[in-house]
Amino acid sequence: MSFATVDDVLSGKTAVGEQVTVRGWVRTRRDSKAGISFINVHDGSCFDPVQVVVPNELDNYESEVLRLTTGASVAVTGVVAESAGKGQSFEIQAEKVHVYGFVDDPDTYPMSPKPHSMEYLREFAHLRARTNVTGAVMRVRNCLSQALHRFFHERGYLWVATPIITASDAEGAGELFRVSTLDMMNLPRTEQGDVDFSKDFFGKEAFLTVSGQLNVETYACALSKVYTFGPTFRAENSNTSRHLAEFWMVEPEVAFADLNDIAYLAEDMLKYAINAVLEERADDMAFFQQRIDKGVLDRLNHVVSNKFVHMDYTDAVEILQNCDQQFNYPVSWGTDLQSEHERYLAEVHVGAPVVLKNYPKDIKAFYMRQNDDGKTVAAMDILAPGIGEIIGGSAREERLERLDSRIVEMGLNADDYSWYRDLRRYGTVPHAGFGLGFERLVTYVTGMTNIRDVIPFPRAPKSAEF
RNA sequence: UCCCCAGUAGCUCAGUUGGUUAGAGCGGUGGACUGUUAAUCCAUGUGUCGUAGGUUCGAAUCCUACCUGGGGAGCCA
């Protein structure tokens, strides 16, 4: 007798005739008057539950097995057998069913065996992992996460843990969450009446990071190829299906690289991760294809087998101005593209992810490398159909005079960037990097429509339960 | 934060020219049948109609505010 996962049994890792114990939760129970019950047990190891055939000779058949309902926890010991029924190749002929816990009041158990809306499941974030859809999402999420680490590891990148807490409010990528231990009911004040942050934990104002980029640049300018993969926080009041207040971001940063280098790095990375999912999570993807998004497999297969289309911002503007599509917002060179414009490019014009490059400098961040034309910077966004911006990156301005001139032009204070400027003073090198919104990738790969359903416990405005 | 839509049974929804006892399917429960598997068949219970005000003889239905959710926009990843 040995413990086995549901996946061990269904994939044939355990031998027919071998006695095993499988532990998990009941998905459904069906009783047959032939003297047996069928119990589907899932344990998270794969998409499908294993069918357990329970004969009525078991001591606790009447007293316990017939009382099992969806959600009950069990350990089943029995012999692996080829299934006589359709729907599965292997099953377990139970010799013993141990019940860890029944479900109180099955009538109100929130995860009843019926279709639920994603909005409803979100209200039960502590139980929705037991549903097939959330289980599938989390296995794919894990697969993507592991694949990304593997991708970078195989190419000699170092995973750098950039800080979660930052004392710099100059990252410029959005609203920040304050980190403080001050007594909010009794704030210390300066003589001018301002809050006296010198009394705070860090002796100054502190926040949760909105990006690891500035910090990870310092390690790129020493270890050459690095990346961060961790949580980031944005206090934006964004109420959409593609924004979270707490989300995970992958940010590679590469010394001696230019814009095209990281554009191709991003393409290779996405293809690598998607291929991993197609190979390792075919069971979950079959479910997404069938129940969530009929086009998801075609879409992913197209992505991994075609080169990404690259396009300059300037050319994109021309395409948008000359296309037949009517837009609510006009397109003109120098302004940021609207959602409808990005969607047209990715969904209609290209029909696949598109790499947009070389944006006007005035609509991009101060640290992006200025191009020789004097008008644009070496920035790139990768737009995915249905999602929008999934990756944003750039070559970084490594020339101190150019960086300083942008800091001045944008009304920023050079003193706030002293350590960032040091990188340009001491052995500066060209370098480039990008940020991938990890949950946006999970959304794209699974075909799920709301980003709140691809992270275990979503945090969003007015929403931080569990 | 802005625009639009929604909130009725455990869940998904129907129900308004304002009218008396608010319905269905699914789920649950009991039974029948069955190597079953989104099982099928019979029976069965369930409601502060999102919250608070207002109009009215009378409000699930009309009005106002608020809350929550969804779609879109902005911000961005």
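Note that the coordinates shown come from a computational prediction; the quantities given were computed from them, not determined experimentally. A, B, ... follow the sequence lines: proteins, then strands. Residue 1 opens every chain.
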Does R141(A) pair with E439(A) as a salt bridge, N-O distance under 4.0 Å? yes
Atom-to-atom span, CZ of R122(A) to C1' of C11(B) - whole angstrom: 16 Å
With the side chain of K114(A) defined as its heavy atoms from C-beta on, choose the nearest nucleotide among A73(B), G35(B), G10(B). G10(B)
Between I451(A) (CD1) and G72(B) (P), how many Å, whole number? 13 Å
Modelled atom types, side-chain donor and acceptor of E217(A) and Q213(A), under 3.5 Å: yes
In this structure, how many angstroms lie between the P atom of C76(B) and the NE2 atom of H341(A), rounded? 16 Å
Heavy atoms only, 4.0 Å cut-off, all strands: where does P461(A) land among base, sugar-phosphate and nothing? nothing
Please name the nucleotide paired to G18(B) by Watson-Crick or G-U wobble geometry with both distances under 3.5 Å, or report none. none
Mind checking the C1' distance from C66(B) to A6(B)? Whole angstroms is fine. 16 Å
Check: H243(A) side chain, C76(B) base, donor-acceptor under 3.5 Å: yes
A9(B) pairs with which nucleotide, Watson-Crick or G-U wobble, both distances below 3.5 Å? none
Report yes or no: do K96(A) and N60(A) form a side-chain donor-acceptor pair below 3.5 Å? no
Looking only at side-chain atoms of Q338(A), point me to the closest of G70(B), C11(B), G74(B). G74(B)
With P as the reference atom in both, quote the distance from G27(B) to C42(B) in angstrom, rounded to an integer. 13 Å
What about S238(A): does its side chain form a donor-acceptor pair under 3.5 Å with the base of C75(B)? yes
Measuring only the P atom in each nucleotide, how far is U8(B) from C49(B)? A whole number of Å is fine. 11 Å
From CD of E123(A) over to C1' of U12(B), roughly how many Å is that when rounded to an integer? 13 Å
Base-pairing assignment for A65(B) (Watson-Crick or G-U wobble, both under 3.5 Å): U51(B)
Length of the NZ-C1' vector between K462(A) and G70(B), whole Å: 17 Å
Is S117(A) near enough to U12(B) that one of its side-chain N or O atoms lies under 4.0 angstrom from OP1 or OP2? yes
Please determine, for the side chain of N239(A), which listed nucleotide (A77(B), G27(B), U1(B)) has the closest atom? U1(B)
Taking any heavy-atom pair under 4.0 Å as a contact, classify Y444(A): base, sugar-phosphate, or nothing. nothing
Please tell me which of L244(A) and T70(A) maps to the more 5' nucleotide of RNA chain B, matching each residue to the nucleotide holding its nearest heavy atom. T70(A)
Can a donor-acceptor pair under 3.5 Å be found between the side-chain atoms of E91(A) and the base atoms of G35(B)? yes
If you look at every strand shown and take non-hydrogen atoms under 4.0 Å, does T69(A) touch a base, only sugar-phosphate, or nothing? sugar-phosphate
Rounded to whole angstrom, note down the C1' distance from G18(B) over to A77(B). 50 Å
How about T28(A) and R30(A): does a side-chain donor come under 3.5 Å of a side-chain acceptor? yes
Please measure how far the P atom in A24(B) lies from the corresponding atom in G70(B), and state the result in whole Å. 30 Å
For the C1' atoms, the ones on U20(B) and on C26(B), what distance do you get once it is rounded to whole angstrom? 31 Å
Per R234(A) side chain, nearest of listed nucleotides C76(B), G35(B), G27(B): C76(B)
Take the protein atom CD of E119(A) and the nucleotide atom P of A6(B), then report the distance between them rounded to whole Å. 16 Å
Can you see whether Q93(A) engages E91(A) through a side-chain donor-acceptor pair at a distance of less than 3.5 angstrom? yes
Would you indicate, yes or no, if U36(B) has its OP1 or OP2 atom less than 4.0 angstrom from a side-chain nitrogen or oxygen of R27(A)? no
Tell me, yes or no, whether the heavy-atom count around H126(A) atom NE2, taken from other residues, nucleotides or ligands under 6.0 Å, exceeds 12. yes
Regarding R406(A) and the six-membered ring of Y367(A), is the cationic atom NZ or CZ under 6.0 Å from the ring centre and inside 45° of its axis? no
Need the pair for U46(B). Rule: Watson-Crick or G-U wobble, both distances under 3.5 Å, any strand; none if unpaired. none
Whether S32(A) contacts G35(B) is assessed here as follows: a side-chain N or O lying under 4.0 Å from the phosphate OP1 or OP2. Is that the case? yes
Given 3.5 Å as the limit, does a donor-acceptor pair link the side chain of D312(A) with the main chain of D315(A), or not? no
Taking donor-acceptor contacts at under 3.5 Å, does the side chain of D31(A) reach the base of U36(B)? no
Examine A73(B): is either OP1 or OP2 under 4.0 Å from a nitrogen or oxygen in the side chain of N328(A)? Give yes or no. no
On RNA chain B, more 5' by nearest nucleotide between D381(A) and P110(A) is P110(A)
NZ or CZ of R299(A) within 45° of Y444(A) ring axis and under 6.0 Å: yes
Whether F247(A) stacks on the six-membered ring of A77(B) base, 5.5 Å and 30° limits: yes
Write down the distance between CD (E389(A)) and C1' (C75(B)), rounded to a whole number of angstrom. 11 Å
Return the pairing partner of A39(B) with a 3.5 Å limit on both distances, Watson-Crick or G-U wobble; otherwise return none. none
For A77(B), which nucleotide in any strand shown is its Watson-Crick or wobble partner with both distances under 3.5 Å? none
Looking at S241(A), I'd like to know whether one of its side-chain N or O atoms comes within less than 4.0 Å of OP1 or OP2 on G70(B). no
Expressed as a whole number of Å, how far does the P atom of U64(B) sit from that of C3(B)? 14 Å
Side-chain donor/acceptor contact of Q88(A) with base of U36(B) under 3.5 Å: yes
Shortest side-chain distance from H116(A), nucleotide among C75(B), U1(B), C11(B): C11(B)
Any donor-acceptor pair under 3.5 Å between the side chain of Q93(A) and the base of G35(B)? yes
Whole-Å distance, E175(A) CD to U1(B) C1', equals 11 Å
Would you measure the distance from the P atom in U48(B) across to the matching atom in C67(B) and give it in whole Å? 23 Å
